[in-house]
*Asks:* 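Let me begin by handing over the structure; questions about it come next.
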Amino acid sequence: MGALEPGYISLYQSGELKRRSEALESRLGSCDICPRECGVNRLEGERGFCHSAHLPIVSAVCAHHGEEPAISGNRGSGTIFFGNCNMRCVYCQNYQISQSRRRQQSREMDFPALAGRMLYLQDELGCHNINLVSPSHFVPQLVRAVLEAVPMGLHLPLLYNTSGYDSVKSLKELDGIIDIYLPDLRYASDRWARKFSQARDYVEHARAAIREMYRQVGELVLDEAGLARRGLIVRHLILPNGLAGSQESLTWLAEEVSPGVAVSIMSQYFPAHRASRFSSLSRKLLVSEYSEVAELLDRLGLENGWVQELGASDSYLPDFEREGHPFSPTVAA
Ligand code: SF4
């Protein structure tokens, strides 16, 4: 695999991966894994805001064909959906697994089992990468699972697919382990982040997290087949009525991170979960809201990445109660 070998393999060989895993796991004794810093003892079964204790919760595992083309390729992205979340977005499309803590508790699994799921995605489904969705509250658990999976033969790039409410201290322990970061940049206003996601100081935390991710992996690098091997892709979900602060967030990205950063604009907003209770969030996007953001990208010179077609909302809505696969056949196949 040479130069394209994921960094976690050499970290495993040097013993550094084990050291990081132990350092992270010890922090679960007074949890400060994400910016909430609840201080609960997850090793003893206590649960903080994310309702998650020591063992990882895995709510779905599948080959995902609906991610960005450089992530899904033709064989799919090997996706592991963690249960629960450290945010509470009222419009969460994954609410069936992110905000149903009692059901999710029954989906706890031990570390060898999680390592086994990674190997299943790699060896049996032939996926291009391991895509860890909503990992912010399970950073120690995912590193421990990778530690178990390397001697079993894991060699795919690891992708950290997050809402962006991450702690820089935890991210630093992932340096060299994660190959591709896929964070959301959801808001430019702490007021809306608190109101719609119960996330205090989201803007400061998400921006600091994205800077750290960029420091670690830099701009997106594709292989000869056009698949992501390394780098940062920032996702921005346009919300109705300008609530995502698209202008401010994208300007920040272009000016303070890099105009070369890959950006994935998502237009799939749908008033899922409890969003219809909020009049400002109770509809899909207007064409004018969508084109404004597309024009903004041009003006800012953000040329790398993808813009999702307007009207994509229906096919991208997951259903985690569907037998076999959470996405509709057109996205799953
Ligand atoms: S990971 Fe969970 S318990 Fe730990 S600080 Fe965040 S929300 Fe609290």
Side-chain angles (χ1 to χ4, degrees), residues 20-59 80-92 94-111 114 131-147 158-175 177-178 181-187 190 192-210 212-213 273-274:
R20 302 255 194 108
S21 171
E22 288 168 356
L24 280 162
E25 215 164 339
S26 72
R27 285 171 49 198
L28 291 172
S30 174
C31 189
D32 67 347
I33 292 300
C34 88
R36 295 193 186 271
E37 300 188 352
C38 299
V40 295
N41 188 346
R42 293 172 64 183
L43 299 171
E44 296 293 332
E46 289 177 13
R47 290 159 205 268
F49 187 90
C50 64
H51 299 302
S52 306
H54 184 201
L55 290 178
I57 294 173
V58 175
S59 301
I80 293 176
F81 289 92
F82 287 112
N84 296 335
C85 191
N86 70 340
M87 290 177 70
R88 293 281 187 279
C89 303
V90 296
Y91 49 85
C92 180
N94 293 355
Y95 69 95
Q96 291 163 313
I97 60 170
S98 67
Q99 300 186 38
S100 60
R101 62 192 153 112
R102 282 192 194 85
R103 282 190 78 179
Q104 298 315 306
Q105 211 164 318
S106 64
R107 293 170 173 165
E108 279 188 347
M109 64 171 60
D110 63 20
F111 300 103
L114 176 51
N131 183 348
L132 303 156
V133 179
S134 296
S136 310
H137 54 304
F138 284 129
V139 173
Q141 291 84 347
L142 78 87
V143 173
R144 170 90 179 265
V146 173
L147 185 67
L158 293 182
L159 201 150
Y160 187 92
N161 184 341
T162 169
S163 299
Y165 201 44
D166 287 283
S167 132
V168 170
K169 184 176 171 193
S170 298
L171 291 174
K172 283 188 188 295
E173 299 285 0
L174 295 175
D175 193 358
I177 298 174
I178 298 297
Y181 280 106
L182 189 56
D184 292 328
L185 185 48
R186 283 184 184 260
Y187 302 102
D190 285 333
W192 300 139
R194 261 201 323 275
K195 178 165 182 177
F196 299 125
S197 298
Q198 287 185 42
R200 193 179 280 272
D201 300 325
Y202 175 87
V203 180
E204 175 193 330
H205 288 298
R207 289 184 181 185
I210 287 173
E212 170 61 19
M213 294 170 187
H273 191 33
R274 297 193 295 121

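Since the structure is predicted, the reported quantities are computational estimates derived from the model, not experimental observations. Whatever order the structure lists ligands and atoms in, that order sets their numbers, starting from 1. Quick note: numbers below take in every heavy atom, side chains included, and nothing from hydrogens, waters or symmetry partners.
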*Asks:* Please step through side-chain contact (heavy atoms from CB on, under 4.5 Å) for the pair Cys34 and His137, ending with a clear verdict.
*Replies:* CA-CA 6 Å; Cys34 88; His137 54 304; 5.6 Å; no

*Asks:* Does a side-chain heavy-atom distance below 4.5 Å link Arg101 with Arg47?
*Replies:* no

*Asks:* Return all protein N, O or S atoms below 2.8 Å from atom 4 (Fe) of ligand 1, chain by chain in residue order.
*Replies:* Cys31 SG

*Asks:* Do the two ring centres, one from His54 and one from Phe111, sit under 6.0 Å apart?
*Replies:* yes

*Asks:* Under a 3.5 Å distance rule, please check whether Arg107 uses its side chain to pair with a backbone N or O of Ile57 as donor and acceptor.
*Replies:* no

*Asks:* To the closest 0.5 Å, what do you measure between CG (Leu132) and OG1 (Thr162)?
*Replies:* 11.0 Å

*Asks:* Examine distances only and state if a side-chain atom of Asn86 and a backbone atom of Tyr165 form a donor-acceptor pair shorter than 3.5 Å.
*Replies:* yes

